[in-house]
Each structure stands twice: as C-alpha cells, then as structure tokens.
Amino acid sequence: MKKAFSLIELLISLITISVIMAAMAPVITHKLKHGGVSIGTKKLSMKCPATVGSDCTLCLGNQCIACPIGCGTQFKNTLTCKCETCTVANCANCASGVNGCDRCKAGYQKSGNSCVACPSGQYSTEGGTCQKCPKGSKANSSSAATGCTTCDGANQYQDSEGQTTCKTCSGFVHNNYKSCTSCNPGTYWNSSSCVNCSSGHYSSSANATSCSSCSAGTYQPNAGQTTCLSCNGSNQYQDTAGQTSCKTCGANSAPNSNHTSCTSTCQTTANCTGNQYLKDNCTCTSCSSGQVPTSDKLSCYTPSTAPTSCKDGEYLANDKCNPCPSGCTKCSGETSCTECKNATDYKLVNGVCKEIKRPMNQSDCSQFDAIFIPTFSGGKIQENTAGVCMTKRNAGDAGGPTIEYSEISRLKASGDGYGTCPANTACCWIGAGTTMTTKSAVTSNGTTTYYCTGASAVSDIPHGNYSASDYEGCKRTVCNYAAAEYACAHYKKGKSIEGDWTLPDKTTVSDSIYNIIRYKEPCPKNPQDSNCHGDLYNSSSSNTSYIQNYKGSEGLQLCSGSSIANPPGAARCYGRFGGNNCAGSYIHGEGNACVPAAVWVQDGLAFSYHRGVIHLSGSNGFTTGTISYKQTSANTITTTQAGYDKRSAFSTRCILKGWVE
C-alpha cells in the first residue's frame, strides 16, 4: 500500500509547483493539458481519473486538488469533487459530514446524530425543536407535524395544548377557539358570556342567542326565567308584549278569553225595552214614574215638558235641545249649520263652519305658488300678524290664474288687428308686447321710444341675494276690469276654492304693498326716485328685499313702466300704445293701449310700478280716473298721468286672505 501524503508534504509540493509554474507558466500549462507534470511519484495533471468528478479542474494523482462545485445541503467531498447525499434519515442539511446531520427536516428534531419525529400533538420547523400546538389549534399531522391549524370549523375548539384533533362544542365557542360555554334555559349568549333574560322575557331552551318577549296576555316579573305567567286573574289583562305585570280592567269592563284586552260589559240601547233608557251609557234602567225615554233612549223626559223649538246656537233632536257645533250660531243638526259666528274667523262649507286659516309667512303662501305680503302699520312690518298671498304671475300667463273661461274673450295684443274687445265684454289680451324687441331704445326725430325686457335677457336683471328673475316683460297678458274680477273670483289652487281669491283690495295695496316697496326695499340709483326711501341698491351688499325690488324670482316680479332698463331689479314693460294694440281698451290720449305696468285693484282702482316705486291711481292716494302709466324720459323720474276706466288693459294679480282645510 502506498503511503499517503502528509499535509505538510502536500503544502511544500504545492508551493514548489507554484514557483515552478510561475517561472515556466507557458510550458507547464501546455504540459498539464497534454500528459501532466510529474512531482515525485505522482503526476500533476488537468486530466483527472474517472474516479474523480468531471467538475475537478486539477488532480494530483487520483485526488482532486481544485474542485469549484457547491453542494448546498449535501456533503462536498473535495478529494473526489462530488456531492454526497446525507446518510442520516430525515436530515435536511449534512454539509459538515456525510454521516452526520447539521439540521433536521420540519417535523423532526435532532437526537444525538439522528433525526426523530415530533411526538403526537407537537410540531417543528426545519432545524428546530419540537413544540406543543397551543390551545385553540391542533397538529397538522398525527406524527412529524410541521405546523398547527386553528380549530375554526363549525362548533370546533381545543382547550388543551399538544392535541391532534379539535373538540366539538355543544354551546358557544369563544376565546379564540380555546373555550366552549353552554347556556342554561332562562339565559342567552351575548357573544362573551351567558346572561339572564330580563324581566318580561324568557328562554325555554339551552344555548339561546336571544330571549323572547312574553306575549300579550302574559307577564314575567323576574329575570332568568324559562316561561311566562298568565294574566288569568278575574279582572286581569295585558295588551302589550314584554311586560312585568298585568293590567286591571276598569269599571264596566272585563278581560276577554285570552286576557289580552278588556271588553265592555255595558248594555246598548238595543237592550233597553219598554220604559227603559240607557243610564250612564251602560245600564238599561226604567224611567221614573211619569217619564218616558227619549227617542235615542239615552235619557228620560216628562212628555208635557219636551221642547218643540230651540234658541239660536241649539238644535232640536231626541226631544231635547243640543248645542250647535263649534263656530256655528244657527243649525238644524250636528252637520247642518246655516250661520257661522263671524265671516272673519269661520267659513260655511257644506253645512259645517270651518275655521279660516290665515297666511302668516312665505311658507303658507308657497303652497299656492304665491308671494307673502306682510302687514305694514306704524311704520314697520308686523311680525306674527296675518298678511295676504298674491299670485306670482298675471292672470293668463303660465303659472298665473287661468283665463280659460267662456265668459272671457281672449284676444291677441300684437297690434296687428287680431280682434277688438266688444263693448261691455270681459276681455284679456295675450302677449301685450309681442311686437316689441329687447332693444334699449330707438330715437327718431328727437323722440325716444323705450321697449321691454324679453325672455333672453330676464335672467340678467339684478337680483341681489335672491334667485334670478324668470318672468319676462314683453309678453305679459293684460285684461280689462271685468275679466280681471272674474278670473280672480273663480281662481282656485291647492286647498283654496272658488271665492277665496279676489282682486287686491285698497287696504292691502295702499297700506302694505305701497309702503313696503317705497320705504323698506332697496332703491335704484342714477337717478334716485325721491319717493323711494329705502337703502340704495348695492350688488356687493346684502340688501334685504321683502316682496319686489331686486328680489328676482322670489318676489312679485311686477314689471316697470320705467324708461330705464331694469333699474329696480325688475323687468321693463313700457306700454304699447295706439294702433291695434289691445284693441278695444282705453287710455286717455292714447286710444288703445296695453299697460302691463299697471295692476287692477278692487272697485275699478289700480296701481302702477315705475323705477322701484308704487304709484296709486290719482296723485294723492287712491282716486278713480287717472293712472301713472309710463315714464317718457331716461334722465328724469317724471311719470305720465292719464285717464283710464274699466275698459283699460292692465295686469291682473289675485290675492288670498284665508282658506279652510
């Protein structure tokens, strides 16, 4: 047997070889590739014998001295330049020696030089030691387990460590699958513990998740009970579920068979016979001697004293006088009133006096699509006082009272000869400014004619802090007095009925509309009308408007007969005069004329609107005969007064002072 090299001899040989090869590198390299170089008794060569792995790059004899391979978890034999499989069973890494084990597989742990399986209920990771599975879980294998799984199946739990199976819970699993609790009858599970049912409730079976209410006719005064008690006493009942006690029926009543309610034990008039009456609406009792029962059998009377008539406020029925219903001063029966206390507070509707509702704010008027006109007195607007509702649009216009009646002749107002209103006829002219344009003005021969605000420009009208205007001034319907009065008298909307609406009365106009607009609302500038006493309008400030000026679509949107475009935040509707405009109407000095800036008032009166100010017919308050119907100059605030009569074509607005429900 040949003697093996010692380590020192090998190192000396390698150093010698390195020195020689450094000096003779080209020659040696050639020889190493083609037969090798002899060193003592051995040959150094790049051609290795078959016993050495093919990855070896340099051999000394039959041993590899340059092995570049890596073997991972296997053992690397550097002499043969080969990776060798671990010989220890279930070993995951034996890099330090083929017959040893550095790290066991998952599910095993080292025991000496061996890898042994983890006991039942225990697990390990690769290279680790075996650990017990915690409570709430089980090992994923009965032997050599590599991990634990949670007991999260239906009704599964585990209250012990180191288990291979989960237990089945007949109650409620909690505490992260570590615990099982069963609840007794009379209790319920509240997600963490068993709790007694409260009084008035019960549970009849184990493991309830809620308690049931004691049904009507039963009760339960105690907590934690499995049943309810019956209200079966002679006069007991209970009509509500979940109660802790019974109720007692009152006088002249007894519980029903289920003790869930009380029924009357009283008799009815049908049970009363002969000379009996129903005393206290309960018991049939004989009338006293000399008396007989009334026809309704509710009382007795002496025949000779029975009334034959009643005073005002009463009516005769059942042989006695009975009071009329509330608000009624004369009646022939409970629903047959013929006269109410007063027309201010009550209205007679189908034999019943109904209380009249008065508008108190805008909300009350909004249901009628109308504007609230508050009461003005003592120099201020009165709070918490009834006012009136006024329609937003002219009669005949969309959103306004209808004029579709056979009693009203409907004509076109374009000036093109579309019919003339006959004498003594109710007439309305539709489209009072149809031939006008939205131009500001046209000057010819020194005369300036002003026009109206059309639909395309109406939303640009200044409107302060309110919604934009939406009622143009060019095509407003106008009517003569007869048509205006008829349209309002027959108008109805929402809860109101025919007869509730009228033309504006003199007091509403002169006391409220006139003063609110003149003294409380923003005034236009350039020039300022001396009759307007409110704050000057400023688009950047928060001017407060109540019913008209600069209030846009949230106000009355009366149109202005002013010669200046939109100065009070209102559409302009300069009148259309002469020719066939509103043919058959009348304005003194103009002949035919459509005047939408003027509005009819009761008794043939009218008011008009110019540059943010109301003008009453006549120069000193309401007088018949003249109306301020136009303003002819753009640079002054002087308006033109002219005579008018009931033939004139003015706007129609209706008011509502009250309604019944």
Side-chain angles (χ1 to χ4, degrees), residues 362 371-383 387 390 392 438 440-441 448 450-453 457-473 509-574 596-599 607-616 619-621 628-641 651:
Q362 181 56 50
I371 299 299
F372 177 64
I373 310 296
T375 295
F376 187 95
S377 66
K380 62 181 180 181
I381 293 174
Q382 299 299 309
E383 304 290 341
M390 177 175 276
K392 287 184 177 181
T438 56
S440 295
T448 303
Y450 298 94
Y451 291 86
C452 58
T453 305
V458 67
S459 61
D460 296 329
I461 295 173
H463 50 273
N465 300 306
Y466 306 96
S467 302
S469 300
D470 59 4
Y471 189 20
E472 52 78 39
V509 175
S510 62
D511 290 359
S512 295
I513 297 176
Y514 176 86
N515 286 309
I516 291 172
I517 294 178
R518 180 167 289 218
Y519 294 103
K520 295 297 181 181
E521 305 222 331
C523 296
K525 300 179 180 179
N526 303 321
Q528 180 187 1
D529 192 325
S530 60
N531 293 311
C532 188
H533 302 285
D535 295 333
L536 292 181
Y537 172 71
N538 185 340
S539 61
S540 63
S541 67
S542 55
N543 291 99
T544 299
S545 180
Y546 293 94
I547 58 175
Q548 170 64 21
N549 292 355
Y550 300 101
K551 200 170 184 182
S553 63
E554 298 177 51
L556 291 171
Q557 297 195 84
L558 300 172
C559 61
S560 176
S562 169
S563 57
I564 296 179
N566 316 323
R572 185 170 50 170
C573 56
Y574 196 82
V599 182
F607 71 88
S608 59
Y609 181 68
H610 302 283
R611 288 191 48 75
V613 177
I614 294 294
H615 295 264
L616 306 178
S619 58
N620 297 304
S628 177
Y629 72 103
K630 66 178 180 178
Q631 180 181 351
T632 55
S633 172
N635 300 314
T636 67
I637 54 179
T638 302
T639 56
T640 300
Q641 295 281 130
S651 291

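Numbers for residues simply follow the sequence, beginning at 1. The structure presented is a predicted model; accordingly, all values stated were derived computationally and were not measured.
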Looking at [X] and [Y], would you say the former's side chain and the latter's main chain have a donor-acceptor pair under 3.5 Å?
{"X": "Thr453", "Y": "Arg572", "answer": "yes"}
{"X": "Gln548", "Y": "Leu558", "answer": "yes"}
{"X": "Gln557", "Y": "Asp470", "answer": "yes"}
{"X": "Glu472", "Y": "Val458", "answer": "no"}
{"X": "Lys551", "Y": "Tyr546", "answer": "yes"}
{"X": "Tyr609", "Y": "Val599", "answer": "no"}
{"X": "Asp535", "Y": "Glu521", "answer": "no"}

>> With heavy-atom distances below 4.5 Å as the criterion, would you say the side chains of Arg518 and Asn531 are in contact?
In response: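 Answer yes - side chains close enough.
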> Between Ile547 and Pro374, is any pair of side-chain heavy atoms under 4.5 Å apart?
Replying inline: yes
Drop me the distance from [X]'s [atom1] to [Y]'s [atom2], to the nearest 0.5 angstrom.
{"X": "Phe376", "Y": "Ile516", "atom1": "CZ", "atom2": "CD1", "result": "7.0 Å"}
{"X": "Leu556", "Y": "Ile371", "atom1": "CG", "atom2": "CD1", "result": "6.0 Å"}
{"X": "Lys380", "Y": "Thr375", "atom1": "NZ", "atom2": "OG1", "result": "13.0 Å"}
{"X": "Asn549", "Y": "Thr544", "atom1": "CG", "atom2": "OG1", "result": "12.5 Å"}
{"X": "Tyr466", "Y": "Glu554", "atom1": "OH", "atom2": "CD", "result": "7.5 Å"}
{"X": "Tyr514", "Y": "His615", "atom1": "OH", "atom2": "NE2", "result": "8.5 Å"}

Residue pair [X] / [Y]: nearest heavy atoms and the distance that separates them:
{"X": "Gly561", "Y": "Ala597", "value": "N-CB, 3.5 Å"}
{"X": "Ser651", "Y": "Pro596", "value": "OG-O, 2.6 Å"}
{"X": "Ser459", "Y": "Ala468", "value": "O-CB, 3.8 Å"}
{"X": "Cys523", "Y": "Gly534", "value": "SG-N, 3.2 Å"}
{"X": "Gly552", "Y": "Ser469", "value": "CA-OG, 3.4 Å"}
{"X": "Cys573", "Y": "Gly473", "value": "CB-O, 3.4 Å"}

> Using a distance-only test with no angle check, is there a side-chain donor-acceptor pair under 3.5 angstrom linking Asn538 and Tyr550?
Replying inline: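 Result is no, nothing qualifies.
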>> For a side chain to side chain contact (heavy atoms under 4.5 Å, CB included) check, start with the C-alpha distance between Ile513 and Met390, then their side-chain angles and the critical distance, and finish with the verdict.
In response: CA-CA 10 Å; Ile513 297 176; Met390 177 175 276; 3.5 Å; yes
